[in-house]
2 protein chains.
Amino acid sequence: MAQTGSRAVDEKAASAGESGEAKTRILAAAERLFAEHGYSGVSLRSIMAEAEVNTASIHYYFRHKEGLLRAIFEMRVTPMNEERQERLAALERDRSEGAPEVGAVLRAFIEPAIRRTRAKGGQAFNRISALCSVDPDPAVRQVVFDSYDTVSRRFTALLRKACPHLDDEEFYWRQHCIYGSMMYMRTDNGRVAYLLGDRGAGHSEVALQQLLVFLTAGMAAPGANTAGVAGA
Amino acid sequence: MAQTGSRAVDEKAASAGESGEAKTRILAAAERLFAEHGYSGVSLRSIMAEAEVNTASIHYYFRHKEGLLRAIFEMRVTPMNEERQERLAALERDRSEGAPEVGAVLRAFIEPAIRRTRAKGGQAFNRISALCSVDPDPAVRQVVFDSYDTVSRRFTALLRKACPHLDDEEFYWRQHCIYGSMMYMRTDNGRVAYLLGDRGAGHSEVALQQLLVFLTAGMAAPGANTAGVAGA
DNA sequence: GAAAAAATCAATCACTTGATTGAATCAGTC
DNA sequence: GACTGATTCAATCAAGTGATTGATTTTTTC
């Protein structure tokens with residue numbers, strides 16, 4: 001019970017001494033517990049116990065339970081969104097002629113997410129993000145929305161241009177398959193770990209590759225109004 | 001508040017008079033509320049209020065909250081599993097020569113689920129099933145497992161035979177994409193309803209078709225060791 | 001080293017949760 | 001009409017929930 005509080009959160013935690021400051025310890029404990037039991041399945045008391053802080057500390061630093069969740073999302077999502085924005089911007093720039101490639105757009109969006117599985121605590125947040133994405137609680141939904149909406153719109157717009165062979169309805173249905181696949185993979189109920197056997201390190205690479213092959217093929221499949229051959 | 005208790009559950013509820021018996025009303029209310037707020041987001045008290053029954057009734061009929069969830073699953077899943085078993089068995093019979101077709105296997109598994117969206121309360125249960133599929137609560141996971149495991153294994157075995165172009169690892173990764181897509185579609189956070197506009201009736205047909213196109217293409221995509229052309 | 005700010009603490013509030021009890025009511029049967 | 005099993009009822013339990021308070025300690029700042 002004593003050595004569980006030293007889980008690092010990000011670079012901040014890595015530089016912090018022995019057990020880190022209280023705020024950092026709270027974030028680390030909350031992240032681990034949210035990933036394991038979901039947002040509503042974790043009480044503030046259990047977080048405080050694992051972080052070894054006082055009852056009022058969470059409210060002091062984050063006001064609400066929701067504020068704590070939001071802080072976790074901001075900590076993790078901000079750098080990822082920056083990377084996504086850069087890569088999407090690069091794709092928008094590069095396409096001097098015609099539409100961007102489906103696979104490239106998908107990779108620009110998915111890779112920054114899957115890659116962070118390798119970072120310390122990244123796997124935990126992956127699962128939090130996936131669980132919260134389908135959480136019925138409006139407060140949780142709002143946090144997810146605020147975190148992903150802007151970049152998600154840009155991704156959608158670019159992917160749309162990469163799929164001229166689909167009409168709007170087809171495109172949006174297939175995009176839901178993309179989100180579903182991503183989410184399910186990030187949920188990781190131990191299935192993924194089982195599949196990988198011992199080579200847990202290569203996890204993200206394999207997952208990314210397999211996911212991209214599947215989704216690219218699905219998006220590239222001809223639509224109802226597709227006359228000739230589909231792209232690439 | 002008074003007319004909300006008459007939501008039908010299935011044929012049993014349809015034949016029940018005015019507001020139905022208590023047990024049926026409880027099931028109907030629970031199904032609606034679980035679909036809206038998730039399993040953990042609903043208290044027994046709110047169910048009892050909507051069903052207009054006494055506090056102890058739920059424990060009388062279902063023992064636990066978990067027993068209530070299990071009853072809902074059994075009520076809905078049993079007939080669906082029968083249909084799935086029949087269709088999978090037909091596919092196993094028909095393949096006199098070679099492997100079954102990917103699309104046919106997928107359809108046999110997915111259609112019985114999506115189709116039931118049209119039944120009264122079917123949409124609600126679809127969402128319950130999807131939410132529970134990623135619920136971190138072990139009790140909930142057990143209910144889902146008990147409901148789907150047997151048929152799911154049979155589906156997996158048959159789909160595997162339809163994908164000789166994939167090695168085991170590729171196959172299982174892609175299968176996760178299938179489950180993810182199905183789950184996300186059944187979650188239905190209002191996105192699907194939005195996409196369909198006013199023609200809510202055709203919902204299941206369109207969803208099924210789009211889903212099948214995407215998943216079939218994804219599974220049919222060549223694997224790393226695929227030499228020639230992938231199956232039609 | 002005193003004043004101010006930040007952080008930590010124990011104690012508790014008001015409320016909700018799932019579950020249980022034992023009495024009261026109903027329905028059907030002989 | 002009494003007996004019996006199936007329901008329904010009000011009342012309540014023990015435990016857990018997020019949140020708040022006000023005092024105390026630690027750290028920073030001048």
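Below, chain A is the first sequence line, B the second, and so on; all start at residue 1.
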Asks: According to ring-ring contact (aromatic ring centres under 6.0 Å, His included), who are the partners of Phe214(B), at least two apart in sequence or on a separate chain?
Replies: none
Asks: For nucleotides 25-28 of chain D, print each protein N/O atom paired with a nucleotide N/O atom at under 3.5 Å, atom names and distance only.
Replies:
none

Asks: Can you name the salt bridge (Lys or Arg N to Asp or Glu O under 4.0 Å) partners of Glu36(A), sequence neighbours left out?
Replies: Arg32(A)
Asks: Excluding sequence neighbours, so at least two apart, what forms ring-ring contact (aromatic ring centres under 6.0 Å, His included) with Phe73(B)?
Replies: Phe125(B)
Asks: Okay, side chain of Arg107(A), backbone of Leu212(A): is any donor-acceptor separation there less than 3.5 Å?
Replies: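 Not a single qualifying donor-acceptor pair exists.
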Asks: If I take atom CD from residue Glu74(B) and atom OG from residue Ser147(B), how far apart are they, to the nearest 0.5 angstrom?
Replies: 7.0 Å
Asks: What is the separation between atom CD on Glu21(B) and atom C1' on dT7(D), rounded to the nearest whole Å?
Replies: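 Atom-to-atom, Glu21(B) to dT7(D), this comes out as 12 Å.
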Asks: Rounded to the nearest Å, what distance is computed from the CG atom of residue Asp137(B) to the P atom of nucleotide dT17(C)?
Replies: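 After rounding, the reported distance stands at 16 Å.
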Asks: Between the protein and nucleotides 9-11 of chain D, list the N/O to N/O atom pairs that are separated by less than 3.5 angstrom.
Replies:
from, atom 1, to, atom 2, distance (Å)
dA10(D), OP2, Asn54(B), ND2, 3.2
dA10(D), N7, Asn54(B), ND2, 3.4

Asks: For Arg45(A), give me all partners under salt bridge (Lys or Arg N to Asp or Glu O under 4.0 Å), at least two apart in sequence or on another chain.
Replies: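 Residues passing salt bridge (Lys or Arg N to Asp or Glu O under 4.0 Å) with Arg45(A): none at all.
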Asks: Got a donor-acceptor contact below 3.5 angstrom from the Arg127(B) side chain to the Ala35(B) backbone?
Replies: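 Checking the backbone N and O of Ala35(B) against the side chain of Arg127(B), a donor-acceptor pair under 3.5 Å is found.
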Asks: Rounded off to whole Å, could you give me the CG-to-C1' distance for the Leu33(B) and dG18(C) pair?
Replies: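 In whole Å, dG18(C) C1' lies 16 Å from Leu33(B) CG.
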Asks: Applying ring-ring contact (aromatic ring centres under 6.0 Å, His included), name anything that partners Phe109(A), two or more places apart in sequence or on another chain.
Replies: Phe155(A)
Asks: With sequence neighbours excluded, give me every salt bridge (Lys or Arg N to Asp or Glu O under 4.0 Å) pair touching residues 55-66 of chain B.
Replies: Glu66(B)-Arg70(B)
Asks: Return the residues of residues 38-48 of chain B meeting this criterion: a heavy atom under 4.0 Å from some atom of DNA chain C. Order them by number, or give none.
Replies: Val42(B), Ser43(B), Leu44(B), Arg45(B)
Asks: Once rounded to the nearest 0.5 Å, what's the spacing between atom CD1 of Ile114(B) and atom CG of Leu211(B)?
Replies: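 Spacing of CD1 (Ile114(B)) from CG (Leu211(B)) equals 6.0 Å.
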Asks: Using salt bridge (Lys or Arg N to Asp or Glu O under 4.0 Å) as the criterion, list what pairs up with Arg115(B), not counting sequence neighbours.
Replies: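 Expected list: Glu111(B), Glu205(B).
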Asks: When you check the phosphate oxygens OP1 and OP2 of dA19(D), does a side-chain N or O of His59(A) lie under 4.0 Å from one of them?
Replies: yes
Asks: Is there a donor-acceptor contact under 3.5 Å linking the side chains of Ser129(B) and Tyr148(B)?
Replies: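 Yes, side-chain donor-acceptor contact under 3.5 Å.
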Asks: List in numerical order all residues of residues 62-73 of chain B for which some heavy atom is under 4.0 Å away from an atom belonging to DNA chain C.
Replies: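 Output list: His64(B), Lys65(B).
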Asks: Could you list the residues that satisfy salt bridge (Lys or Arg N to Asp or Glu O under 4.0 Å) with Arg116(A), not counting sequence neighbours?
Replies: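 If we apply the salt bridge (Lys or Arg N to Asp or Glu O under 4.0 Å) test to Arg116(A), skipping adjacent residues, the hits are Glu83(A).
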Asks: Quick check on dT20(C): is either OP1 or OP2 less than 4.0 Å from any side-chain nitrogen or oxygen of Tyr60(B)?
Replies: no
